[in-house]
Trainee: 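So that we are looking at the same thing, I have put the structure below in C-alpha coordinates.
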Amino acid sequence: MTSPRPRPAPAGSDPDLRDLGGVALAIGKTFTFEAAHRLNGLPEGHKCGRRHSHSYQVTVELTSDELVGPGFVTDFGELAPFAAYLAEHLDHRDLNEVLTVESTSEHLALHLAEWFLDNVQPGLPGA
(Lines give C-alpha, C1' and ligand atoms only; values in the text may rest on other atoms or scores of the structure.)
Protein backbone atom coordinates (compact mmCIF):
# COMPACT_ATOMS: atom_id res chain seq x y z
CA MET A 1 0.00 0.00 0.00
CA THR A 2 1.35 3.39 -0.88
CA SER A 3 0.79 6.54 1.10
CA PRO A 4 -0.82 9.50 -0.60
CA ARG A 5 1.66 12.14 -1.70
CA PRO A 6 0.96 15.71 -0.68
CA ARG A 7 -0.14 17.91 -3.55
CA PRO A 8 0.57 21.61 -3.64
CA ALA A 9 -2.43 23.73 -2.82
CA PRO A 10 -3.88 25.83 -5.64
CA ALA A 11 -2.55 29.37 -5.81
CA GLY A 12 -4.25 31.68 -3.35
CA SER A 13 -5.60 28.91 -1.12
CA ASP A 14 -4.62 28.13 2.44
CA PRO A 15 -2.72 24.82 2.18
CA ASP A 16 -3.62 23.88 5.76
CA LEU A 17 -7.36 24.16 5.23
CA ARG A 18 -7.61 22.65 1.77
CA ASP A 19 -9.75 19.77 0.62
CA LEU A 20 -7.60 16.65 0.49
CA GLY A 21 -9.04 15.60 -2.85
CA GLY A 22 -10.98 12.64 -1.52
CA VAL A 23 -8.07 11.28 0.52
CA ALA A 24 -9.12 10.63 4.10
CA LEU A 25 -6.60 11.10 6.87
CA ALA A 26 -6.95 9.33 10.18
CA ILE A 27 -5.45 10.17 13.54
CA GLY A 28 -5.71 8.29 16.78
CA LYS A 29 -5.10 8.96 20.43
CA THR A 30 -4.92 6.25 23.06
CA PHE A 31 -6.12 6.81 26.61
CA THR A 32 -5.55 4.47 29.55
CA PHE A 33 -7.32 3.84 32.81
CA GLU A 34 -7.36 1.22 35.55
CA ALA A 35 -10.56 -0.43 36.68
CA ALA A 36 -11.91 -3.55 38.34
CA HIS A 37 -14.90 -5.70 37.46
CA ARG A 38 -16.31 -9.19 37.52
CA LEU A 39 -18.46 -10.93 34.95
CA ASN A 40 -21.71 -12.53 36.04
CA GLY A 41 -23.32 -15.58 34.51
CA LEU A 42 -20.12 -17.51 33.89
CA PRO A 43 -19.60 -21.17 34.80
CA GLU A 44 -18.63 -21.90 38.40
CA GLY A 45 -14.92 -21.33 38.93
CA HIS A 46 -14.38 -19.19 35.80
CA LYS A 47 -11.60 -16.73 36.65
CA CYS A 48 -13.49 -13.77 35.18
CA GLY A 49 -16.34 -14.40 37.62
CA ARG A 50 -14.04 -13.23 40.41
CA ARG A 51 -13.37 -9.53 40.94
CA HIS A 52 -10.21 -8.61 39.03
CA SER A 53 -8.73 -5.56 37.38
CA HIS A 54 -7.37 -4.47 34.02
CA SER A 55 -5.27 -1.72 32.58
CA TYR A 56 -7.65 -0.56 29.87
CA GLN A 57 -6.60 1.17 26.67
CA VAL A 58 -9.13 3.10 24.62
CA THR A 59 -8.14 4.45 21.21
CA VAL A 60 -10.19 7.22 19.66
CA GLU A 61 -9.70 7.31 15.90
CA LEU A 62 -10.93 10.23 13.85
CA THR A 63 -10.99 10.44 10.06
CA SER A 64 -11.50 13.44 7.81
CA ASP A 65 -11.05 14.37 4.18
CA GLU A 66 -10.47 18.00 5.16
CA LEU A 67 -7.99 19.62 7.52
CA VAL A 68 -8.78 22.42 9.98
CA GLY A 69 -6.67 24.91 11.89
CA PRO A 70 -2.98 24.65 11.15
CA GLY A 71 -3.49 21.29 9.42
CA PHE A 72 -5.33 19.01 11.86
CA VAL A 73 -7.95 16.34 11.47
CA THR A 74 -8.73 17.63 14.94
CA ASP A 75 -6.68 19.23 17.68
CA PHE A 76 -5.96 16.54 20.29
CA GLY A 77 -6.87 19.16 22.89
CA GLU A 78 -10.48 18.81 21.72
CA LEU A 79 -10.44 15.29 23.20
CA ALA A 80 -9.86 16.60 26.74
CA PRO A 81 -13.52 16.06 27.78
CA PHE A 82 -13.16 12.35 26.93
CA ALA A 83 -9.97 12.08 29.01
CA ALA A 84 -11.75 13.84 31.87
CA TYR A 85 -14.72 11.46 31.63
CA LEU A 86 -12.42 8.44 31.83
CA ALA A 87 -10.53 9.90 34.80
CA GLU A 88 -13.62 10.96 36.74
CA HIS A 89 -16.01 8.09 36.04
CA LEU A 90 -13.99 4.97 35.20
CA ASP A 91 -10.42 5.21 36.46
CA HIS A 92 -9.86 3.20 39.63
CA ARG A 93 -13.56 2.28 39.79
CA ASP A 94 -15.52 -0.95 39.92
CA LEU A 95 -17.15 -1.07 36.49
CA ASN A 96 -19.99 -3.17 37.89
CA GLU A 97 -20.97 -0.12 39.94
CA VAL A 98 -20.57 2.33 37.04
CA LEU A 99 -22.09 0.60 34.00
CA THR A 100 -25.75 -0.31 33.68
CA VAL A 101 -24.86 -3.36 31.57
CA GLU A 102 -22.56 -6.34 32.07
CA SER A 103 -18.99 -5.01 32.20
CA THR A 104 -17.58 -6.84 29.18
CA SER A 105 -15.08 -5.10 26.93
CA GLU A 106 -17.72 -5.01 24.21
CA HIS A 107 -20.30 -3.26 26.40
CA LEU A 108 -17.63 -0.88 27.68
CA ALA A 109 -16.63 -0.02 24.09
CA LEU A 110 -20.26 0.69 23.19
CA HIS A 111 -20.72 2.82 26.31
CA LEU A 112 -17.61 4.87 25.53
CA ALA A 113 -18.51 5.29 21.85
CA GLU A 114 -22.00 6.52 22.74
CA TRP A 115 -20.62 8.92 25.36
CA PHE A 116 -18.06 10.26 22.88
CA LEU A 117 -20.64 10.74 20.12
CA ASP A 118 -23.04 12.51 22.49
CA ASN A 119 -20.55 14.67 24.38
CA VAL A 120 -17.40 15.26 22.33
CA GLN A 121 -18.08 14.73 18.63
CA PRO A 122 -20.70 17.51 18.29
CA GLY A 123 -18.07 20.06 19.35
CA LEU A 124 -15.37 18.91 16.96
CA PRO A 125 -14.67 21.15 13.97
CA GLY A 126 -16.14 19.62 10.83
CA ALA A 127 -18.29 17.17 12.79
Side-chain angles (χ1 to χ4, degrees):
M1 180 173 169
T2 59
S3 299
R5 294 177 188 231
R7 294 175 295 154
S13 68
D14 182 342
D16 292 332
L17 300 175
R18 67 184 167 85
D19 180 347
L20 296 173
V23 174
L25 295 179
I27 60 163
K29 183 166 177 72
T30 300
F31 301 87
T32 61
F33 67 95
E34 310 293 324
H37 76 139
R38 72 184 175 300
L39 298 176
N40 300 305
L42 294 172
E44 182 73 27
H46 193 291
K47 66 180 184 177
C48 293
R50 297 188 304 265
R51 186 169 321 283
H52 59 285
S53 63
H54 297 281
S55 296
Y56 288 92
Q57 291 186 337
V58 180
T59 301
V60 173
E61 187 173 295
L62 301 168
T63 304
S64 181
D65 59 2
E66 197 171 291
L67 299 179
V68 297
F72 293 147
V73 168
T74 196
D75 182 340
F76 282 133
E78 299 288 337
L79 304 180
F82 186 68
Y85 177 77
L86 294 175
E88 292 171 26
H89 298 279
L90 300 177
D91 190 40
H92 287 81
R93 304 281 182 165
D94 182 337
L95 297 180
N96 296 90
E97 295 175 2
V98 175
L99 301 176
T100 59
V101 294
E102 192 64 42
S103 60
T104 63
S105 293
E106 294 80 359
H107 284 146
L108 180 59
L110 286 171
H111 171 80
L112 292 173
E114 289 172 356
W115 191 93
F116 186 92
L117 291 172
D118 289 344
N119 297 280
V120 178
Q121 194 245 358
L124 296 177

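All of these numbers come straight from a predicted model, not from anything done at the bench. The figures that follow rest on heavy atoms only: side chains count, while hydrogens, waters and symmetry mates do not.
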Trainee: So, taking the atom named CZ in Arg51 and the one named CG in Leu95, what distance separates them when rounded to the nearest 0.5 Å?
Mentor: 10.0 Å
Trainee: For the backbone of Ser103 and the side chain of His37, can you confirm whether one donor and one acceptor N or O come within less than 3.5 Å of each other?
Mentor: yes
Trainee: Give me the atom names and distance for the closest heavy-atom approach of Arg38 to Gly49.
Mentor: CB-O, 3.8 Å
Trainee: Taking all atoms of both residues into account, what is the closest heavy-atom pair of Leu90 and Ala35, and its distance?
Mentor: O-CB, 3.6 Å
Trainee: Is the closest side-chain heavy-atom distance between Leu86 and Asp91 below 4.5 Å?
Mentor: no
Trainee: Report the C-alpha distance between Ile27 and Phe72 in whole Å, list the side-chain angles of each, state the deciding distance to 0.1 Å, and finish with yes or no for side chain to side chain contact (heavy atoms under 4.5 Å, CB included).
Mentor: CA-CA 9 Å; Ile27 60 163; Phe72 293 147; over 6 Å; no
Trainee: Please name the pair of heavy atoms, one in Val73 and one in Val68, separated by the smallest distance, quoted to 0.1 Å.
Mentor: O-CG2, 4.0 Å
Trainee: What is the minimum heavy-atom distance between His46 and Leu42, and which atoms define it?
Mentor: ND1-CD1, 3.6 Å
Trainee: Do Val60 and Phe82 come within less than 4.5 Å of each other through their side chains, counting heavy atoms only?
Mentor: yes
Trainee: In the structure I gave you, are the side-chain heavy atoms of Phe116 and Leu124 within less than 4.5 Å of one another anywhere?
Mentor: yes
Trainee: Taking the side chain as every heavy atom from C-beta outward, state whether Val101 and His111 have any atom pair closer than 4.5 Å.
Mentor: no
Trainee: With rounding to the nearest 0.5 Å, note down the distance linking CZ in Phe33 to OH in Tyr85.
Mentor: 9.5 Å
Trainee: Following the transitive rule for hydrophobic clusters with a side-chain heavy-atom cut-off under 4.5 Å over Ile, Leu, Val, Met, Phe, Trp and Tyr, establish whether Leu110 and Leu117 coincide in one cluster.
Mentor: no
Trainee: Using a 3.5 Å distance criterion without hydrogens, assess whether the side chain of Asp65 forms a donor-acceptor pair with backbone atoms of Val23.
Mentor: no
Trainee: Quick check against the 3.5 Å criterion: does His54 have a side-chain atom that pairs as donor or acceptor with the backbone of Tyr56?
Mentor: no
Trainee: Looking only at non-hydrogen atoms, find the nearest pair between Asn96 and Asp94 and report the distance.
Mentor: N-OD1, 2.9 Å
Trainee: Give me the atom names and distance for the closest heavy-atom approach of His52 to Lys47.
Mentor: ND1-O, 4.1 Å
Trainee: Please check if Leu39 and Leu112 belong to a single hydrophobic cluster, counting links between Ile, Leu, Val, Met, Phe, Trp and Tyr side chain heavy atoms closer than 4.5 Å.
Mentor: no
Trainee: Val120 versus Glu78: any side-chain heavy-atom pair under 4.5 Å?
Mentor: no
Trainee: Hydrophobic clustering (ILVMFWY, side-chain heavy atoms < 4.5 Å, transitive) - are Val98 and Trp115 grouped together?
Mentor: yes
